[in-house]
Amino acid sequence: MQSIPKILILGGGYGGFKVATYLQKHLPYSKANITLISKHDYHYQTTLLHKVAAGTYSARKARIFFRKILDSKKIFFIKDTIIKIDPENQRVFGKNNCYSYDYLVIALGFSQNTYDIKGVDKFCYSLSSLNSAIRLRNNIETRFKDFDGDPLDLHFVVCGSGFTGIEFAAELATQVNELCAICGIDKSLVKIICISRGEHILPMFKTKDANKARRKLDKLSIEFVKGDVIECKKDSILVQLPTEIKEIKANNIIWCAGVKGSKVIEDSTCFESKNSRILVDEFLAVPKYKNVFVAGDCGISQKRNILNAPTAQLANQMGEYIAKNLIKILSNQSLDEPFVFKHRGTVCSIGHTDGVGVVFKISISGELAAFLKNFIENKWIFDIGGIWNVFKKGQFRFRSSN
Ligand SMILES: Cc1cc2nc3c(=O)[nH]c(=O)nc-3n(C[C@H](O)[C@H](O)[C@H](O)COP(=O)(O)OP(=O)(O)OC[C@H]3O[C@@H](n4cnc5c(N)ncnc54)[C@H](O)[C@@H]3O)c2cc1C
């Protein structure tokens with residue numbers, strides 16, 4: 001008798017959770033034993049971590065428990081932390097157990113890239129997971145609530161002017177009035193400084209759109225320093241300017257200056273990788289191991305039709321494509337359509353009611369951008385969990401959770 005093939009999905013983020021929910025909907029349960037393994041028993045929208053960190057989106061609301069979405073008859077969930085993958089022997093090692101598979105989907109997401117800069121690991125906060133965002137939120141709350149006169153406690157340096165850095169700086173800036181009013185603090189004591197490496201912020205946007213965002217951030221009193229961070233300390237950072245090294249004093253340093261693939265990829269030496277991201281072929285499979293697929297930030301392709309900037313949009317499309325291919329494989333069909341990324345646009349939020357973006361090649365900003373940003377987040381929740389979850393977990397113009 002032929003045994004049922006085992007599909008193992010590693011990581012319950014945009015890529016992995018998409019594979020799981022798509023297979024749940026479209027693959028009859030007699031066709032495969034499907035297991036999702038993830039570090040936590042919930043999914044969270046990484047794209048909203050800046051809101052969790054700034055205290056405008058509650059951690060309770062951010063957690064979407066797998067048990068509430070997954071049908072345990074179709075998808076088995078295991079909470080474990082993956083340590084290493086051994087594709088030669090079709091095994092995966094977790095902290096608690098070793099797992100075998102016939103087909104593997106690796107969707108372990110990103111990790112923070114410190115570029116080996118001194119002090120980043122030790123002194124900086126990051127937005128690399130829900131727990132790291134909660135740590136930052138707790139720190140911000142304590143700085144304001146227990147403020148005892150040291151102005152450096154209210155100085156925030158955000159290293160990086162890409163999506164993560166800008167969205168976080170803006171979200172925090174829009175909260176400052178409320179935080180100061182609640183805690184009886186003079187607003188002029190708060191400083192938010194963003195360190196930008198490039199000529200303009202938000203490098204994924206054209207100069208015109210990036211400048212529009214910059215003007216909005218100027219209005220929120222966010223200061224910019226152009227230079228390379230060369231060291232982070234407990235209460236300051238050193239920035240290399242064209243002719244000098246500048247020390248910026250602050251007791252809160254947030255590292256948003258880049259990501260790379262998961263550390264698991266670094267430790268699983270069998271894979272050909274770049275920046276801890278596994279090189280995949282046009283079917284998002286690992287060339288050497290055709291039963292291993294990669295979705296999201298820990299995959300990278302050399303094909304021109306795949307945009308490699310790590311985004312939720314890309315991870316989501318990769319997840320759906322891999323799920324469809326797994327269904328084809330299990331029905332003995334051949335894979336003939338290579339993956340093509342459909343770029344529908346990008347929106348950067350600037351606080352809850354403002355933003356800048358490009359949607360279907362049209363530049364947008366203001367309330368419309370904020371509305372579309374919320375729409376994109378809610379569409380994801382709708383796709384994985386239906387309309388009821390949108391009401392419970394979604395983003396709306398007027399908030400109730402902060
Ligand atoms: C603040 C912020 C804002 C962003 N804004 C946008 C945006 O507006 N638009 C956009 O398109 N993209 C945005 N991004 C990028 C986007 O969030 C990522 O590209 C996307 O999350 C990648 O999806 P993924 O499935 O690869 O990884 P993730 O969604 O990060 O999922 C990885 C999963 O793997 C689990 N995991 C990790 N390591 C292990 C392990 N060792 N063992 C078991 N499980 C593990 C994690 O818990 C998680 O569930 C933003 C990112 C950040 C940080």
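When a ligand or atom number is given, it counts from 1 through the structure's own listing order.
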Q) Side chains of Arg143 and Asn251: do they bring a donor and an acceptor to under 3.5 Å? A)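 There is no such pair between these side chains.
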Q. Between the side chains of Ser129 and Asn131, does any donor sit under 3.5 Å from an acceptor?
A.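 Their side chains do not contain a donor-acceptor pair, so the 3.5 Å distance test is not met.
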Q | Qualifying side chain to side chain donor-acceptor pair (under 3.5 Å) pairs, either residue in residues 113-125, two or more places apart | A |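 Passing the test, one end in residues 113-125: Tyr125-Asn139.
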**Q.** Pocket residues of ligand 1, ordered first by chain and then by residue number (heavy-atom cut-off under 4.0 Å)
**A.**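 Answer by chain and number: Gly11, Gly12, Gly13, Tyr14, Gly15, Ser38, Lys39, His40, Tyr44, Thr46, Thr47, His50, Asp80, Thr81, Ile82, Ala107, Leu108, Gly109, Phe110, Leu127, Phe163, Thr164, Glu167, Val264, Gly296, Asp297, Pro310, Thr311, Ala312, Gln313, Ala315, Val347, Lys373.
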Q. Parallel, tilted or perpendicular for Phe339 and Tyr321, by the 30°/60° rule?
A.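 Ring orientation, 0 to 90° scale: perpendicular.
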Between side-chain atoms of residues 6-27 and protein atoms elsewhere (two or more places apart, or another chain), which donor-acceptor pairs fall under 3.5 Å?
unit_1	atom_1	unit_2	atom_2	d
Lys6	NZ	Ser100	OG	2.7
Tyr14	OH	Thr47	OG1	2.7
Thr21	OG1	Phe17	O	2.8
Thr21	OG1	Lys18	O	3.2
Gln24	OE1	Asp71	N	2.6
Gln24	NE2	Ile69	O	3.1
Lys25	NZ	Asp383	O	3.2

Q) Looking at residues at least two apart in the chain, or sitting in another chain, which of them share a side-chain contact (heavy atoms from CB on, under 4.5 Å) with Lys274? A)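 With sequence neighbours excluded, Lys274 shows a side-chain contact (heavy atoms from CB on, under 4.5 Å) to Ile300, given in chain and number order.
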